[in-house]
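One structure is given here, and the rest of the page talks about it.
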Amino acid sequence: MTRSDLVTITETQNLAKAEELLRLHRIRHLPVVRDGKLVGLVTHRDLLKAAAQCGGADPAQQALWASDMMVRDVKTVRADTPSREALKLMLENKFGCLPVVRADGTLIGILTEADMVRYAQHLIEDMDRRSLAAEYEA
């Protein structure tokens, strides 16, 4: 999961700020926080939906706030949630991310599809190293 440099937005920031953060940090998911606690999620897809609702006009130029477009009922996981369980939740629900929170709702990270791909890459590289070592020993 991504812990450091976690990019977030507040409910009272407008979609222009959300669009800027998504573009600047090259991310697709933006947790919405209030006093450090997760209250929603704005995604790149939400911005596209907002543009469609604005008749194709740039939603960033409209008077829309994060609270207007954010998903409020966000599925989350805890830091101790097994990776297998988190991955299953993401796949079954077609989630692109899962915010990671403490028991009190404080946001501590975000688990994304990219994080899972990096983890898979690590596992594959480890398997390859073991396979090469076994071949070398034989």
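Every value quoted in this text rests on a predicted model; they were computed, and no experiment measured them.
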Greater than 12 external heavy atoms within 6.0 Å of N93's CG: yes

Over all atoms of both residues, closest heavy-atom pair of A79 and V100: N-CG1, 3.5 Å

Cluster overlap L87 with Y119, hydrophobic side-chain contacts below 4.5 Å: no

Modelled atom types, side-chain donor and acceptor of D128 and S131, under 3.5 Å: no

Check against side chain to side chain contact (heavy atoms under 4.5 Å, CB included), R72 and S67: CA-CA 9 Å; R72 293 174 188 277; S67 61; 4.0 Å; yes

Any donor-acceptor N/O pair, R23 side chain to A18 backbone, under 3.5 Å: no

Side-chain heavy atoms of P99 within contact of K75, under 4.5 Å: no

Side-chain heavy-atom pair V74, L38 within 4.5 angstrom cut-off: yes

Donor-acceptor contact below 3.5 Å, side chain D46 vs main chain T43: yes

Pairwise distance CZ(R84) to CG(L89) - rounded to 0.5 angstrom: 14.5 Å

Nearest heavy atoms of V42 and A66, plus distance in Å: CG2-O, 4.1 Å

V32 side chain reached by L41 side chain, heavy atoms, under 4.5 Å: no

Backbone of L64 reached by a side-chain donor or acceptor of D68 within 3.5 Å: no

Salt bridge (Lys or Arg N to Asp or Glu O under 4.0 Å) partner of E11, the single match among R34, K37, K17: R34

For G40 against M70, the heavy-atom pair lying closest together: CA-SD, 3.9 Å

OG on S83 to CE on M90, rounded to 0.5 Å: 11.0 Å

Check: D104 side chain, T106 main-chain N or O, donor-acceptor pair, under 3.5 Å: yes

Separation of E113 CD from D115 CG (nearest 0.5 Å): 10.0 Å

NE2 on H25 to CG on L30, rounded to 0.5 Å: 9.0 Å

Rounded distance (nearest 0.5 Å) linking atom OG1 of T76 with atom CD1 of I110: 11.5 Å

Spacing of CG belonging to L15 relative to CH2 belonging to W65, to within rounding of 0.5 Å: 9.0 Å

Residue pair L47 / M69, side-chain heavy-atom distance below 4.5 Å: no

Least distance between heavy atoms, A86 atom then L111 atom: CB-CD2, 3.6 Å

